[in-house]
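As the structure is a prediction and not an experimental result, all values here were calculated from the model. Just so you know, these numbers use all the heavy atoms, side chains as well, and skip hydrogens, waters and symmetry mates.
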Amino acid sequence: MNELPENDATGLPIAAIERETGIPKDLLRMWERRYGFPQPARDAAGDRLYSQADLVRLKLIRRLLDLGFRPGKLMAMSDAQLQALTTEHTPQRQVSDVCQGLLGALQSHDAQATRAYLRHRMLELGLRRFACDFLPEANQLVGDAWMRGELQIAEEHLYSEAVSRVMRETLAAIPAGAMSPRVMLTTPPGELHVLGLLMVEALLRLAGCDAIAFGAQMPLQDVAFAAEKHQVDIVVLSFSGAYEGSVQAVAEQLRALLPAATQLWLGGKGCRGLRQLPQGVTHLQEPGQLDELVAQWRARPAG
């Protein structure tokens, strides 16, 4: 275990690292055990303290995960290799028409203006196009701008919060779905990102499904308990790229806990590279696949 020198004032607690990188605490600890990085120092109370170098490296890793790389490969690279890979895969992007004005709204540091911009795009595009066309493009644009230093982590957090708020406002105005399937939406412990879930919830609600959102970071035993009590037909879990490598184990564990008749759908960048899935588990590769999956579920033989 590393010890932080008494005069070292650069140590950052794990909560600060989570806030600055968007990587959940549980995943930081898991990477420490599995890959040997990060290896934080400890303060007098035994709490983890990360260096500025750790923070820089973790920001590079987080961005490359978002771009589709796997954590095991990235952990073996030097800082210079990570930076070169990030530069190679984060080119200057032309802002598409659908996202025109987004960066300006964020760089204004005006939360109200950012929400107003997003509401305008929602009204202009409609919920389906906002979820399927605007959000994937906007997420990529914001991530690239953050990596190039054009946005700070505060602006990225502002974007996520503003999108969540506008999506929730829009969903609240849609009458609750009464058609089957009844779908439960959540993320596993350590997974904080919910934008993917909101996209899925929007499409389910448009399809008339009875969608129940349980928020983020739900223990698997509680997921199974709630699925049985609410008599849901399908549980949807969302995984960000940082979760890759652990999705298989989560899927197998939760599948064993759920009632046999309850299906499990998994989506998000963390699901890349999944091996053969257990019976009753489906990989939702893109939001546009939802309509087909719902139609297939409704067309299945009764009983």
Got a second to check how far T21's OG1 is from L28's CG, nearest 0.5 Å?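 CG of L28 is found 6.0 Å from OG1 of T21.
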Pairs involving residues 192-202, ordered by first then second residue, that meet side-chain hydrogen bond (donor to acceptor under 3.5 Å, both in side chains) (sequence neighbours left out):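 Qualifying pairs: R168-E201, E191-H193.
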Can you establish whether the number of heavy atoms outside Q279 located under 6.0 Å from its atom CD is more than 12? no
Return yes when atom CD of Q231 has more than 12 non-hydrogen atoms of other residues, nucleotides or ligands closer than 6.0 Å, and no otherwise. no
Between [X] and [Y] (salt bridge meaning N to carboxylate O under 4.0 Å), is one present in this structure?
X	Y	result
R29	D26	yes
D144	R63	yes
D79	R57	yes
R128	D291	yes

Among [options], which residue meets the side chain to side chain contact (heavy atoms under 4.5 Å, CB included) test with [X]?
X	options	value
L277	H283, R255, E252	H283
M30	P24, S246, P71	S246
V223	V232, V235, T187	V235

Is the NZ or CZ atom of R129 positioned over F134's six-membered ring, under 6.0 angstrom from the centre and within 45° of the axis? no
Examine R300 relative to W297 and say whether NZ or CZ is less than 6.0 Å from the centre of the six-membered ring and inside a 45° cone about the ring axis. yes
Aromatic contact between F214 and H230, with the criterion being ring centroids under 6.0 Å apart: yes or no?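 F214 vs H230: aromatic centres under 6.0 Å.
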Going by heavy atoms in the side chains, are [X] and [Y] under 4.5 Å from each other?
X	Y	value
L127	M167	yes
R165	R119	yes
E156	L151	no
L264	L237	yes

Are W146 and L74 connected in a single hydrophobic cluster, I mean Ile/Leu/Val/Met/Phe/Trp/Tyr linked by side-chain heavy atoms less than 4.5 Å apart? yes
